[in-house]
Trainee: 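Have a look at the structure that comes next, please.
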Amino acid sequence: MLNTVYRLVEPRRIESEFSDIDVNGDSVLVRPTHLSICNADQRYFQGTRPPEVLKKKLPMALIHEAIGKVIYDPAGDFEPGQKVVMVPNTPMEEDDIVAENYLRSSKFRASGFDGFMQDIVAMRRDRVVAVPDGIDDYVAAFTELVSVSYHAINRFDRKAHGRRNVLGVWGDGNLAFITSLLLKKRFPESKVYIFGKHEYKMDDFAFADETFFIDAIPEDLRIDHGFECVGKAGSGTSINQIIDYINPEGCIAALGVSEDPVPINTRMILEKGLTLYGSSRSSADDFRHLLQFYKEHPEVVDYLSSIIGEIVEVRTIKDMTHAFDADIQKHGGKTVMVWKK
Ligand SMILES: NC(=O)C1=CN([C@@H]2O[C@H](COP(=O)(O)OP(=O)(O)OC[C@H]3O[C@@H](n4cnc5c(N)ncnc54)[C@H](OP(=O)(O)O)[C@@H]3O)[C@@H](O)[C@H]2O)C=CC1
Ligand SMILES: O=C(CO)[C@H](O)[C@H](O)COP(=O)(O)O
Ligand SMILES: [Zn+2]
């Protein structure tokens, strides 16, 4: 079957290319319907990754957050027209200890191999998860980003000691919003504090117990555990601020992506006996459990709908470029491309 893939060939330049899909294989064929833009896509589109990385990874179809409709499943597990979320992480081996999203052999769509900017995506069947009825399409489109927070919180629950009176989330963007919302749902007895830069963004965190500007944190404030959801150079400053305000033996989750190494106050990590751990991406099981969580807590989906930002209908390559430009100029929220291809 003939397919069209829309690949970024160099920063800001997307080209279409025909490819062939083998309909005799075991893949589930999915037509993308709603694609959501991640900061990682923007780093490729705007060319802010180092030249050697761009040289190695491009040409490549962007987008790793998407839902679509099944058009053909040779095994019949999925009905034609069924709404599904596509899982970008694709493990190539199994390991008893290391989760699929940390295996160095795993492939991740839109970071080394083609993402979802295609007319039809041939998906390995274990990478396709049915979307339950009644979940808003625009929220479902960024299930992957929410699954990252879901995964990070499971890691936190396994690693952190049991005193969880105050949890601190650094950042006031989408990842911080989602992480703090899921934390509040999962640990309703804990106070969830937000530490950010922008009043208009922190105003949206209505479910949080307190919000603080990072340059006006009360001297005597303490948190038991912290989550860094900032990225870039702010990763370093926020992790160091968490180290300043965290109680001894607390855990710090690093989620933000920085292109450059960041200096961290290791002396105080030692003196306070802290645990600093990274959390990246998610597994197919995280998607499955999250969608079940959505079913049980529809109010979470309602909260998430408040971060739907720009919605851009895409029919042409010019529309794709427009969507990335609209996303980079936005004040906040998730940009969703409605794929009218
Ligand atoms: N671990 C993973 O698997 C994933 C990681 N990410 C990464 O997470 C990071 C956050 O993503 P996202 O929420 O979408 O990004 P945003 O840029 O929307 O959010 C970051 C926010 O934090 C603010 N900020 C900057 N410095 C600080 C600081 N020192 N303390 C507190 N807040 C600060 C920023 O303000 P301003 O813009 O003014 O600087 C911005 O509003 C990115 O690096 C992204 O790539 C995303 C998805 C998955
Ligand atoms: O967004 C992400 C997951 O949702 C990750 O930050 C992304 O996978 C990082 O990839 P890359 O190494 O290509 O920047
Ligand atoms: Zn992402």
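Note that ligands are numbered from 1 as they come in the structure, with each ligand's atoms numbered from 1 the same way. Here the structure is a predicted model, which means the values were calculated and not measured.
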Trainee: Residues two or more places apart in sequence or in another chain: which of them pass ring-ring contact (aromatic ring centres under 6.0 Å, His included) with Tyr200?
Mentor: His198, His331

Trainee: May I ask you to identify the nearest protein heavy atom to atom 45 (O) of ligand 1, giving residue, atom name and distance to one decimal place in Å?
Mentor: Arg43 NH1, 2.9 Å

Trainee: With a 4.0 Å cut-off, would you call Lys318 and Asp325 a salt bridge?
Mentor: no

Trainee: Look at atom 8 (O) of ligand 2 and say which protein heavy atom is nearest, naming residue and atom and giving the distance to 0.1 Å.
Mentor: Arg281 NE, 2.7 Å

Trainee: May I ask you to check whether Lys232 has an N/O atom sitting below 3.5 Å from an N/O atom of ligand 1?
Mentor: no

Trainee: Let me check something: any side-chain donor-acceptor pairs from residues 208-217 under 3.5 Å, sequence neighbours excluded? List them with distances.
Mentor:
{"unit_1": "Asp209", "atom_1": "OD1", "unit_2": "Lys184", "atom_2": "NZ", "d": "3.4"}
{"unit_1": "Asp209", "atom_1": "OD2", "unit_2": "Lys184", "atom_2": "NZ", "d": "2.8"}
{"unit_1": "Asp209", "atom_1": "OD2", "unit_2": "Val192", "atom_2": "N", "d": "2.7"}

Trainee: Looking only at protein heavy atoms, which one is nearest to atom 6 (O) of ligand 2, and what is the separation?
Mentor: Val257 CG2, 3.4 Å

Trainee: Which ligand 2 atoms are under 4.0 Å away from a heavy-atom of Ser111?
Mentor: 10 (O), 11 (P), 12 (O), 13 (O)

Trainee: Can you sort out which atoms of ligand 2 are near Ala40, meaning under 4.0 Å from one of its heavy atoms?
Mentor: 1 (O), 7 (C)

Trainee: What is the closest protein heavy atom to atom 2 (C) of ligand 1, and at what distance does it sit?
Mentor: Val148 CG1, 3.6 Å

Trainee: What is the closest protein heavy atom to atom 3 (C) of ligand 2, and at what distance does it sit?
Mentor: Glu144 OE2, 3.5 Å

Trainee: Should you measure from each heavy atom of Gly231, which atoms of ligand 1 turn up under 4.0 Å away?
Mentor: 43 (O)

Trainee: Under 4.0 Å, heavy atoms only, figure out whether ligand 1 is touched by the backbone of Ser235, its side chain, both or neither.
Mentor: neither

Trainee: Considering heavy atoms of the protein only, find what lies nearest to atom 43 (O) of ligand 1 and give residue, atom and distance to 0.1 Å.
Mentor: Val257 N, 3.0 Å

Trainee: Take atom CD of Glu199 as the centre, draw a 6.0 Å sphere, and report whether it contains more than 12 heavy atoms from other residues, nucleotides or ligands.
Mentor: no

Trainee: Give a yes or no on whether Lys191 atom NZ has more than 12 heavy-atom contacts from other residues, nucleotides or ligands under 6.0 Å away.
Mentor: no

Trainee: More than 12 foreign heavy atoms under 6.0 Å from NZ of Lys341: is that the case here?
Mentor: yes

Trainee: Starting from atom 19 (O) of ligand 1, locate the nearest protein heavy atom and write down its residue, its atom name and how far away it is, to 0.1 Å.
Mentor: Gly173 CA, 3.4 Å

Trainee: Just distances here: any N/O of Leu175 and N/O of ligand 1 closer than 3.5 Å?
Mentor: yes

Trainee: With a cut-off of 4.0 Å, which atoms of ligand 2 are near a heavy atom of Arg43?
Mentor: 6 (O), 14 (O)

Trainee: I want to know if ligand 1 touches Cys38 in the polar sense, i.e. an N/O pair below 3.5 angstrom.
Mentor: no

Trainee: Taking the cut-offs as 6.0 angstrom to the six-membered ring centre and 45 degrees off its axis, would you call Arg155 and Tyr277 a cation-pi pair?
Mentor: no

Trainee: Any nitrogen or oxygen of Ser280, side chain or backbone, less than 3.5 Å from one on ligand 2?
Mentor: no

Trainee: Of the side chain and backbone of Cys229, name the one, both, or neither that has a heavy atom under 4.0 Å from an atom of ligand 1.
Mentor: backbone

Trainee: Under 3.5 Å, is there a donor-acceptor pair between the side chain of Asn3 and the main chain of Ser19?
Mentor: no

Trainee: Looking only at distance, does Leu145 have an N or O less than 3.5 Å from an N or O of ligand 1?
Mentor: no

Trainee: For atom 11 (O) of ligand 1, tell me which residue out of Ile178, Asp172, Asn39, Ile214 has the closest non-hydrogen atom.
Mentor: Asn39

Trainee: Nearest non-hydrogen contact with atom 36 (P) of ligand 1 belongs to which option: Arg281, Lys330, Glu228, His198?
Mentor: His198

Trainee: Considering only non-hydrogen protein atoms, determine which one is nearest to atom 32 (N) of ligand 1 and report residue, atom name and distance to 0.1 Å.
Mentor: Gly171 CA, 3.4 Å

Trainee: Enumerate the atoms of ligand 1 whose separation from the nearest heavy atom of Thr237 is less than 4.0 angstrom.
Mentor: 29 (N)

Trainee: Which ligand 1 atoms does Lys197 reach within 4.0 Å, using its non-hydrogen atoms?
Mentor: 24 (N), 25 (C), 26 (N), 27 (C), 33 (C), 35 (O), 36 (P), 38 (O), 39 (O)

Trainee: Tell me which protein heavy atom sits closest to atom 2 (C) of ligand 2, plus the residue, atom name and distance to 0.1 Å.
Mentor: His64 NE2, 3.8 Å

Trainee: Check each atom of ligand 1 against the heavy atoms of Ser280 and keep those under 4.0 Å away; list them by number with element.
Mentor: 1 (N), 3 (O)

Trainee: Could you check atom 5 (C) of ligand 1 against the protein and tell me its nearest heavy-atom contact, residue, atom and distance included?
Mentor: Leu255 O, 3.1 Å

Trainee: Kindly confirm or rule out a cation-pi arrangement of Arg186 over Phe156, judged by NZ or CZ under 6.0 Å from the six-membered ring centre and within 45° of its axis?
Mentor: no

Trainee: Could you tell me if the side chain of Arg127 sits less than 4.5 Å from the side chain of Thr90, heavy atoms only?
Mentor: yes

Trainee: Please state which protein non-hydrogen atom is closest to atom 14 (O) of ligand 2 and give its distance, to 0.1 Å?
Mentor: Arg49 NH1, 3.3 Å

Trainee: Which atoms of ligand 2 are found less than 4.0 Å from any heavy atom of Cys38?
Mentor: 1 (O)

Trainee: Does any N or O of ligand 1 fall below 3.5 Å from an N or O anywhere on Asn174, backbone included?
Mentor: yes

Trainee: For the residue pair Phe195 and Tyr245, is the inter-centroid distance of their aromatic rings smaller than 6.0 Å?
Mentor: no

Trainee: Counting only heavy atoms not in Met268 (residues, nucleotides, ligands), do more than 12 fall under 6.0 Å from its CE?
Mentor: yes

Trainee: Which ligand 1 atoms, with their elements, are less than 4.0 angstrom from a heavy-atom of Phe195?
Mentor: 31 (C), 32 (N)

Trainee: Would you say Ile243 and Asn240 make side-chain contact, with heavy atoms under 4.5 Å?
Mentor: yes

Trainee: How does Phe177 reach ligand 1, if at all, at less than 4.0 Å between non-hydrogen atoms: by side chain, backbone, both, or neither?
Mentor: neither

Trainee: With heavy-atom distances below 4.0 Å as the criterion, list the atoms of ligand 1 near Lys201.
Mentor: 40 (C), 41 (O)

Trainee: Identify the protein heavy atom lying closest to atom 9 (C) of ligand 1, giving its residue, its atom name and the separation to 0.1 Å.
Mentor: Val230 O, 3.5 Å

Trainee: Tell me if the centroids of the rings in Phe205 and Tyr193 come within less than 6.0 Å of each other.
Mentor: no

Trainee: Using the ring centroid of each side chain, check whether Tyr102 and His151 are separated by less than 6.0 Å.
Mentor: yes

Trainee: Do Trp170 and Lys197 have side-chain heavy atoms sitting under 4.5 Å apart?
Mentor: no

Trainee: Counting neighbours of NZ on Lys56 that are heavy atoms of other residues, nucleotides or ligands and sit closer than 6.0 Å, is the number greater than 12?
Mentor: no

Trainee: In plain terms, say whether Glu249 and Arg163 are close enough for a salt bridge, that is, a side-chain N and a carboxylate O under 4.0 Å apart.
Mentor: no

Trainee: Do Met60 and Phe113 have side chains that get closer than 4.5 Å, going by heavy atoms?
Mentor: no

Trainee: Which atoms of ligand 1 are found less than 4.0 Å from any heavy atom of Trp170?
Mentor: 30 (N)

